[in-house]
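If you're wondering where the values come from, they're calculated on a predicted model, not measured in any experiment.
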Amino acid sequence: MRFFLILLLAFTFFIAHSQKNSDPYINKSLIKVHSINEAIVDSLSEFNAIPISCRGSMLESNLIVDSLIIAWLNNNNIPFSILQNNMAKMINQEMDNIKKIKYQRSSNWYSSYRELDEIEDKIDEIVASEFNQKTGYVTKEVIGQSYEGRDIWAIKLSSVNGTDPKPAIVISGCQHAREWITPMATTYLIEHLPGLYYYDDDFNIFLNEADVYIIPIVNPDGYVYTWEKDRWWRKNRQINLGSDCVGTDLNRNWDFDWNGEQSTSQDPCSYIYVGSGPFSAPETSVVSQYISSIPNLVNHIDVHSYSSLIVGPWSSSDEPTEDNDEIFCLGIQMQAAVSNTNDYPYLFGTGTVNNLLYLISGGMVDWIYGGLSSLSFLYELRPASLYYFDSNWNGLLAFDNSEEEILPACEEFFQGVKEMIKWTYLENCEVATGCSDPAAENYYCNTLEGEMGCLYIVDVNTPPQA
C-alpha cells in the first residue's frame, strides 16, 4: 500500500509539473478573416474567438480559433487564411528558444524574456548595487498585493536636488499578462535611467527636476500564469463569483467610462471582462490608490504590445481633448524619438489613431487624464504586426517580438520616455503639430499634412452658421 501511495504521489507530481503553457492551444489555429461583414464579429464573439492585436475591430486582427470555428467559417463560405495551424508547437518552440538562450552565459539579460522572479532579482540587484547604496537614487516599495497575494512593486527614481514637490512621471507595464515585452521595457528603464542621471551632464538637469515612478508589472498573477499554464492569457487571475471563468481585464476596470460601450463585456468568460465594478480587481485598486497619492503628477505612460503605436487620450472617444495641441506636441516628439532610435516606425494619434486602433472604455489612460488631470499616453510597442518570421525555423512568431528584438524595443521605449522627461522640464514644442482634429480630413497621423490648417468636408446642403 505504501509503495502504491509513493507511486501515486510521484505520478501526481509528474502530471503537475509536466503541464506546459502551450497546452490550452493544442488543436488551435491562428487565422485572419477576410471579410468586412460586422455580423460575423458577433458570431465569432459567441464562439469565443480571441483577437490578439489592438488593431481596429476583430476582423482586422489575427484570431485564435479552434476546429469548431474553422468548420463554421467553411460552412458559411467566409474567406479566411490560416497563419499558423499548430499554435502549441509555435509556443513550445518559443519556450525552447528562451531556455537555450538562458543557458548561454555570455548572453545579455535582455536577450531573453524573463520570469517574475528573474525580474524582481534584477531590480533588487539594481537597488542593492554599491553605487546606489551611496546615492539612494533608486528605491523599491511594495505598494500592495495582487489577488493571489503577490507583491506589486513601485520603483522611484529621485534625486536630492531640485525643488519639491517635483513634477512626477508614472510608467506602468504589464496590465495584460501575455505582453511579455512590457516588463522587459520597464526593467530597462529602471536600469538605465540612473546612468543618465550620474553620467550624462546634459540630461542630469532634467532628472534633477522630475521624479519618475515605475510600476513594472501591474498584473503579476497573470504574468506568472502565462509562463506556467497559458502563454496568451490576458486577464488577472481573480475568481468571478457565480462563474467558472476566471479573470478581469485590468485595462477595462478603471473608473472612467467603466462598462461603457467601447470594447467591453459583462461576460466573465470574455477576454475583455470589465469586472463586477470599477476597481473590483485588487491590482487596479492598489495601483490607482498609489498613483493618486503621488504629488504633482504631470505625465504617465501605460505600456502594452503590440502594434507600434503611441496613443493619447481619449481612449474611449475620438473627440479632441481640451489639451489636444499639448498632447500632440509631446506625442509627436516621442514618436520621432522612438521611430528614429532603430529606424523602426511608430505611429502617433489620439482615439482610434485614424481607425488603426479600437476604442476602449474603463482604461487606465482616460482615468489618469480625466481624473488626475495628468497627460497620459498608451504605448503599443513593436512589432507592428505578426507578419514576420524567425530565420531559425521560418515559422510565425508568438505574441511578442523574437528574442533578438527585445533589446531594440526596450531602447526605443527608453528614448520615448526621455522625451517625456525633457518635456516635463521644458514644456515646449519643437516640431510642427499639423492638424490635430480627428474630425478633419487631413488629421495628423505620422505625416506633416495639415500644417496649413485642418480641412473639413463642407455639406452644401447645410446653410452656413450665423
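The side-chain heavy atoms of Thr284 and Thr248, taken from C-beta on, include no pair separated by under 4.5 Å. In this structure the side chain of Trp314 never reaches within 4.5 angstrom of the side chain of Gln262, judged on heavy atoms. Contact of the Arg114 side chain with the Pro183 side chain is not registered, since no non-hydrogen atoms from C-beta on lie closer than 4.5 Å. Between Tyr369 and Leu375 the shortest side-chain heavy-atom distance falls below 4.5 Å. Two residues are said to be in side-chain contact when any heavy atoms from C-beta on lie closer than 4.5 Å; Leu196 and Asn204 fail this criterion. By the 4.5 Å heavy-atom criterion applied to side chains, Val303 and Leu381 are counted as neighbours. Between Ser376 and Met364 the shortest side-chain heavy-atom distance does not fall below 4.5 Å. Side chains of Met420 and Gln333 form no contact here, defined as non-hydrogen atoms less than 4.5 Å apart.
A distance of 12.0 Å separates CH2 of Trp254 from CG of Asp366, quoted to the nearest 0.5 Å. Interatomic distance, NE2 of His176 versus CG of Asp302, reported as 8.5 Å (0.5 Å rounding). Interatomic distance, OG1 of Thr321 versus CD1 of Ile327, reported as 3.0 Å (0.5 Å rounding). In this structure, Leu426 CG and Phe206 CZ are separated by 4.5 Å, a value rounded to the nearest 0.5 Å. Considering OG of Ser112 and CG of Asn97, their distance stands at 7.5 Å, rounded to 0.5 Å. Here CG of Asn299 is found 4.0 Å from OG1 of Thr424. Values are rounded to the nearest 0.5 Å.
Side-chain atoms of Asn236 do not come within 3.5 Å of backbone N or O of Asn219 as any donor-acceptor pair. Of the possible donor and acceptor atoms, one in the side chain of Glu283 sits under 3.5 Å from a partner among the backbone N and O of Tyr147. Between the side chain of Asp66 and the backbone N or O of Lys28, no donor-acceptor pair lies under 3.5 Å. Proximity of a side-chain donor or acceptor of Glu191 to a complementary backbone N or O of Ile126 within less than 3.5 Å is not detected.
The aromatic rings of Trp180 and Trp227 sit parallel to each other, their planes meeting at less than 30°, with 60° as the upper class boundary.
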Between Glu148 and Ser146, is a side chain to side chain donor-acceptor pair (under 3.5 Å) present by the stated rule, with each step listed?
CA-CA 5 Å; Glu148 293 182 337; Ser146 65; 6.0 Å; no
Show your reasoning for whether side chain to side chain contact (heavy atoms under 4.5 Å, CB included) applies to Thr182 and Phe413. CA-CA 10 Å; Thr182 68; Phe413 182 59; over 6 Å; no
_Residues Asn240, Tyr273; criterion side chain to side chain contact (heavy atoms under 4.5 Å, CB included); working and verdict_ = CA-CA 10 Å; Asn240 295 312; Tyr273 175 52; 3.4 Å; yes
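Ring pair Tyr188/Tyr110: centre-to-centre distance below 6.0 Å.
For the pair Arg382 and Tyr344, the cation-pi criterion (under 6.0 Å, within 45° of the ring axis) is fulfilled.
Remark: the Trp72 side chain and the Ser43 side chain contain no N/O donor-acceptor pair separated by less than 3.5 Å.
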